[in-house]
Asker: 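Below you'll find the structure I mean.
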Amino acid sequence: MLADLDAAPIGEPLRAMLTFVRKVSRSQVTADDARALAAAGLTRAQIDDALAVRWAFNVINRLADALRFDVPDAAAFAASAKLLLSRGYK
């Protein structure tokens with residue numbers, strides 16, 4: 001879905017938000033981009049939430065790259081997902 005936002009089967013508010021946070025992460029965002037979110041029907045709280053999530057992922061990714069975190073393979077992710085789906089977060 002993220003590879004081609006224009007063709008993704010999602011609503012316009014989500015498409016606008018994903019486009020915006022992608023630009024934020026590349027330091028290409030402008031005031032016009034923020035105004036486009038309001039025009040798409042997003043509230044200031046929704047925009048703030050999306051920016052907070054994007055910020056957290058940016059920090060995690062940069063730390064992971066800098067500290068060379070070990071990323072598990074697909075089988076390990078699948079096993080973790082199965083556990084979380086059966087037991088939830090505790």
Side-chain angles (χ1 to χ4, degrees):
M1 172 172 63
L2 293 177
D4 187 3
L5 287 176
D6 292 330
I10 57 177
E12 186 53 36
L14 180 56
R15 184 183 330 278
M17 182 61 73
L18 292 173
T19 300
F20 181 76
V21 295
R22 178 181 286 168
K23 289 181 95 175
V24 167
S25 66
R26 295 177 181 162
S27 300
Q28 298 172 337
V29 69
T30 67
D32 287 337
D33 296 315
R35 284 189 281 275
L37 296 178
L42 294 155
T43 67
R44 176 62 188 256
Q46 290 171 315
I47 296 167
D48 289 348
D49 287 348
L51 289 173
V53 170
R54 186 64 199 152
W55 174 84
F57 275 100
N58 274 347
V59 169
I60 291 167
N61 286 341
R62 289 174 191 211
L63 286 173
D65 289 346
L67 300 174
R68 297 182 184 165
F69 285 5
D70 182 38
V71 178
D73 62 14
F77 278 116
S80 294
K82 185 176 180 181
L83 178 66
L84 286 172
L85 289 172
S86 68
R87 298 185 66 200
Y89 287 98
K90 297 193 182 211

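The model shown is predicted, which means the values in this text are computed figures rather than measured ones.
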Asker: For the residue pair Q46 and M17, what are the closest heavy atoms and their distance?
Answerer: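 So the minimum-distance heavy-atom pair works out to O-CE, 3.7 Å.
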
Asker: Could you name each residue pair satisfying salt bridge (charged side-chain N to carboxylate O under 4.0 Å, His left out) that touches residues 35-46, not counting sequence neighbours?
Answerer: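 Output for this query lists D32-R35, R44-D48.
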
Asker: What is the distance from atom OG1 of T19 to atom CG of D6, rounded to the nearest 0.5 Å?
Answerer: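 Answer for the OG1-CG pair, T19 versus D6, is 7.0 Å.
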
Asker: Please check if atom CZ in F57 has more than 12 non-hydrogen atoms from other residues, nucleotides or ligands closer than 6.0 Å.
Answerer: no

Asker: For residues 58-67, which residue pairs pass the side-chain hydrogen bond (donor to acceptor under 3.5 Å, both in side chains) check, not counting sequence neighbours?
Answerer: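 Sorted result for residues 58-67: R54-N58.
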
Asker: Is there a path of hydrophobic side-chain contacts, each under 4.5 Å between heavy atoms of I, L, V, M, F, W or Y residues, that connects L63 with V71?
Answerer: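 No, separate clusters.
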
Asker: Show the nearest heavy-atom pair for residues P13 and A40, with the distance to one decimal.
Answerer: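 Looks like CG-O, 3.4 Å.
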
Asker: Is there a side-chain contact between L18 and I10 in this structure, where contact means two heavy atoms from C-beta onward sitting under 4.5 Å apart?
Answerer: yes

Asker: Taking side-chain contact (heavy atoms from CB on, under 4.5 Å) as the criterion, tell me which of V59, V53, L51 meets it with W55.
Answerer: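 The option that passes is V59.
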
Asker: At what distance, to the nearest 0.5 angstrom, does CG of L42 lie from CZ of F20?
Answerer: 10.0 Å

Asker: Going by side chain to side chain contact (heavy atoms under 4.5 Å, CB included), name the residues that satisfy it together with I60, two or more places apart in sequence or in a different chain.
Answerer: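 With neighbours one apart ignored, the set is empty.
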
Asker: Under 3.5 Å, which donor-acceptor pairs do the side chains of residues 72-81 form with other protein atoms, sequence neighbours left out?
Answerer:
unit_1, atom_1, unit_2, atom_2, d
D73, OD1, A75, N, 3.3
D73, OD1, A76, N, 2.9
S80, OG, A76, O, 3.2

Asker: Quick one: list whatever passes salt bridge (charged side-chain N to carboxylate O under 4.0 Å, His left out) with D49, sequence neighbours left out.
Answerer: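 For D49 there are no salt bridge (charged side-chain N to carboxylate O under 4.0 Å, His left out) partners, ignoring immediate neighbours.
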
Asker: List in chain and number order the residues that pass salt bridge (charged side-chain N to carboxylate O under 4.0 Å, His left out) with R68, two or more places apart in sequence or in another chain; answer none if no residue qualifies.
Answerer: none

